[in-house]
Amino acid sequence: MTRVLVVEDEKNIRDLVCLHLGLEGYECVPVGDGKEAMALAAEKPFDLIVLDLMLPGVDGVTITRALRRHGPNRDTPILMLTARREESDKVMGLDSGADDYLTKPFGMRELVARAAALLRRARAPLASPQSDGRPVDIHGVELDPARRGVRVRGNAVDVTRQEFNLLYLLASHPGIVFTRERLLSKVWQEQSFVTGRSVDTLVKRLRKKIEVDPAEPKLIVTVWGDGYKFADLA
Ligand code: CA
């Protein structure tokens with residue numbers, strides 16, 4: 001059974017979302033409060049989390065960041081609900097860790113379609129070539145695709161699935177420039193809603209985890225006007 005945590009303080013929206021997810025055969029766990037959602041998600045794994053941005057107590061971005069750090073929902077896709085277009089922009093710009101967003105008011109068919117797309121992506125095996133990829137060891141960055149393990153300068157680093165996929169793609173092709181479009185198609189695959197900015201956001205997050213000084217990145221290098229590359233072997 002596919003379990004979806006639905007965090008929304010407006011009861012009518014929460015009920016409607018759960019009704020439609022239920023019609024798709026998903027088990028909906030409705031919660032109206034941010035703190036309760038955090039406690040629940042710290043305990044139990046979900047297949048998908050539908051998360052309102054503006055909640056009493058703890059907001060959606062704070063919840064997402066907490067979930068992404070550790071716990072059973074570190075890789076669970078998060079669909080953020082926002083009240084306005086500007087909020088959506090902020091969510092996606094803010095390296096929040098959400099995978100997609102919907103701006104209110106949204107249609108239930110749209111919600112169901114986005115939910116299904118996120119679930120499909122989460123269930124797909126790691127995109128090739130990662131799934132059968134060879135380990136990579138370059139410039140102090142060691143990547144083990146079989147375990148999705150990352151060590152940087154000898155220390156284990158926690159990364160999400162998306163972060164791993166992006167890092168692996170770049171690090172297994174040192175010196176090769178990848179445009180944002182190419183990275184989008186490789187790392188996000190069929191997710192047409194993501195933009196070049198999603199790539200920038202993910203790179204920023206990765207740099208914080210692997211670079212000595214994220215402001216002066218030496219491993220994931222920006223190629224102005226083009227995209228990104230992993231530092232050359234030389
Ligand atoms: Ca709200």
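Each ligand, and each atom within it, is numbered from 1 in the order the structure gives. Since the structure is predicted, the reported quantities are computational estimates derived from the model, not experimental observations.
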Checklist entry - Does Val212 reach the side chain of Lys218, with side-chain heavy atoms less than 4.5 Å apart? => result no
Item to check | Environment of the Ca ion (ligand 1) in terms of protein N/O/S atoms, cut-off under 3.0 Å | outcome: Asp9 OD1, Asp52 OD2, Met54 O
Checklist outcome for this item: Besides Val177, the hydrophobic cluster formed by Ile, Leu, Val, Met, Phe, Trp and Tyr side chains linked at under 4.5 Å, directly or via other members, contains Val223
Checklist entry - If you round to the nearest 0.5 Å, how far is CD of Glu216 from CZ of Arg207? => result 10.5 Å
Item to check | Tyr228 versus Leu170, closest heavy-atom pair with distance | outcome: O-CD2, 4.0 Å
Checklist entry - What's the shortest heavy-atom distance between Leu21 and Val6, and which atoms? => result CD1-CG2, 3.8 Å
Item to check | Residue of the set Met80, Arg14, Lys104 for which side-chain contact (heavy atoms from CB on, under 4.5 Å) holds with Asp52 | outcome: Lys104
